Amino acid sequence: MFINLIADYGNGDPAFAEVVQQLSIGLSNTQIHCLSVPPFSTLATGFWIAQLGLNPGAENRLIYHNCAPRQDDSEPRIDNEGEGLTYALLPGGVKVVGVIAGYTLSFIKDYAEVIHTIKVSRGGSQFRSRDVFPTAAIAIAKGDFSLLGDKLNPNQIPDAPSDRIAWIDGYGNIKTTISSDSLNLLPNSKVVIRVGDVVSDAVYSDGSFKVPEGTLAFSPGSSGWEKKGQPLRWMELFLRGGNAWERFGKPRINQVVTILN
């Protein structure tokens, strides 16, 4: 089995090693890949659940995710209780187990064949993804669905926002939640983009490298998946020969991206 572990522990945080160790107890011959998202970023978590879960991969796959801001209740917590655990089944048999919080399931809710709650404790530890949840994840990975609870309706899950930063890659390219099919722009037309308090001219391009060196491109990027048999692509801000993230003042994930013209 191949497992993608998506969590907001931080790059190099030993928490990843601790969770991997717990998952490995019940799953032999398993390859686990760890992906760190920013603290409490349910948007980035949901984006990568979809990007990894809705694209081709190993036949036997599980996505185990944990980003739990505990923002479902502002009152003091009893026994470290937080948001509940869920199971989703994606096309191709990809299993998804993790905390439902914010936008974690927003990008996959309309693709999932089923979404269920999982009957496990919502408390018991500050570190639930190590101490409480792995037992359920292991059972489901092995095909034991006895812990499944109520079925969730996609309408109970918030829609993904359509105007945010979803990710900033290692080259400074800004991946957005603006879908390419939502735009009606001519190739090489000029656009004005605002990210946070910074405004910049850009050129709409149907391919990032079709712009000259030093030009900020606004183009369909490398992230996306199929939607009803058609390719869905998310728009990116790409500064050829430079760094779009720095151009816009190093914005954070979830900041609003606005097309001003």
Side-chain angles (χ1 to χ4, degrees), residues 1-11 13 15-16 19-20 23-24 27 29-68 85-116 118 129 133-134 136-138 140-141 154 157 159-161 164-171 173-180 220-236 253-254:
M1 168 167 278
F2 183 86
I3 299 177
N4 276 301
L5 168 56
I6 304 173
D8 59 349
Y9 308 142
N11 283 313
D13 193 316
F16 275 112
V19 174
V20 167
L23 292 173
S24 299
L27 298 170
N29 301 318
T30 300
Q31 182 180 356
I32 303 178
H33 178 267
C34 300
L35 172 58
S36 176
V37 298
F40 309 134
S41 183
T42 63
L43 183 69
T45 301
F47 182 83
W48 282 109
I49 290 170
Q51 179 67 19
L52 296 171
L54 296 174
N55 280 301
E59 182 177 348
N60 192 15
R61 275 189 289 163
L62 170 73
I63 296 175
Y64 180 60
H65 61 94
N66 184 71
C67 180
L85 197 66
T86 57
Y87 162 74
L89 180 65
L90 300 181
V94 180
K95 299 170 182 175
V96 181
V97 175
V99 174
I100 181 171
Y103 300 117
T104 55
L105 301 183
S106 297
F107 290 91
I108 64 167
K109 69 173 188 172
D110 293 327
Y111 299 86
E113 296 176 10
V114 293
I115 304 176
H116 284 268
I118 299 177
S129 56
F133 298 154
I138 291 167
I140 287 171
I157 300 166
D159 293 334
R164 307 293 177 85
I165 295 176
W167 193 252
I168 297 119
D169 69 18
Y171 299 99
N173 300 328
I174 298 175
K175 297 177 182 288
T176 78
T177 61
I178 301 171
S179 64
S180 60
S222 59
S223 298
W225 44 85
E226 281 199 0
K227 181 179 181 180
K228 298 180 179 178
Q230 298 297 320
L232 170 66
R233 283 289 172 267
W234 301 106
M235 299 298 292
E236 288 189 22
I253 287 173
N254 204 40

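Computed from a prediction, not measured in an experiment: that's the story for all the values here.
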For this session: Report the C-alpha separation of M1 and L62 in whole Å, then their side-chain angles, then the decisive distance to 0.1 Å, and conclude whether the side-chain contact (heavy atoms from CB on, under 4.5 Å) test is met.
Result: CA-CA 7 Å; M1 168 167 278; L62 170 73; 3.9 Å; yes
Under a 3.5 Å distance rule, please check whether [X] uses its side chain to pair with a backbone N or O of [Y] as donor and acceptor.
{"X": "T45", "Y": "S41", "answer": "yes"}
{"X": "T176", "Y": "M235", "answer": "yes"}
{"X": "Y64", "Y": "S129", "answer": "yes"}
{"X": "Q51", "Y": "G224", "answer": "yes"}
{"X": "R61", "Y": "L52", "answer": "yes"}
{"X": "K95", "Y": "I140", "answer": "yes"}

Problem set entry | Heavy-atom check, side chain of L5 versus side chain of V20, under 4.5 Å |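 Side chain of L5 against side chain of V20, heavy atoms only: contact under 4.5 Å found.
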Exercise. What do the steps show when you test W234 against I178 for side-chain contact (heavy atoms from CB on, under 4.5 Å), and what is the final call?
Worked result: CA-CA 6 Å; W234 301 106; I178 301 171; 5.8 Å; no
For this session: Quick one: closest heavy-atom pair of A44 and P38, and the distance?
Result: CB-CD, 4.2 Å
Problem set entry | Name of the residue among L85, I63, N66, T86 meeting side chain to side chain contact (heavy atoms under 4.5 Å, CB included) with V97 | L85
Problem set entry | Audit row: F2, N60, side-chain contact (heavy atoms from CB on, under 4.5 Å) steps and yes/no | CA-CA 6 Å; F2 183 86; N60 192 15; over 6 Å; no
Problem set entry | side chain to side chain donor-acceptor pair (under 3.5 Å) contacts touching residues 99-115 (sequence neighbours left out) | K109-D159, Y111-W225
Exercise. I3 and L27: side-chain contact (heavy atoms from CB on, under 4.5 Å), yes or no, with the steps?
Worked result: CA-CA 10 Å; I3 299 177; L27 298 170; 3.7 Å; yes
Problem set entry | Set of residues satisfying ring pair (Phe, Tyr, Trp, His ring centres under 6.0 Å) with respect to F16, sequence neighbours excluded |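 Listed in chain order: Y9.
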For this session: Show the numbers, then the answer: is there a side chain to side chain donor-acceptor pair (under 3.5 Å) between S179 and K227?
Result: CA-CA 11 Å; S179 64; K227 181 179 181 180; over 6 Å; no
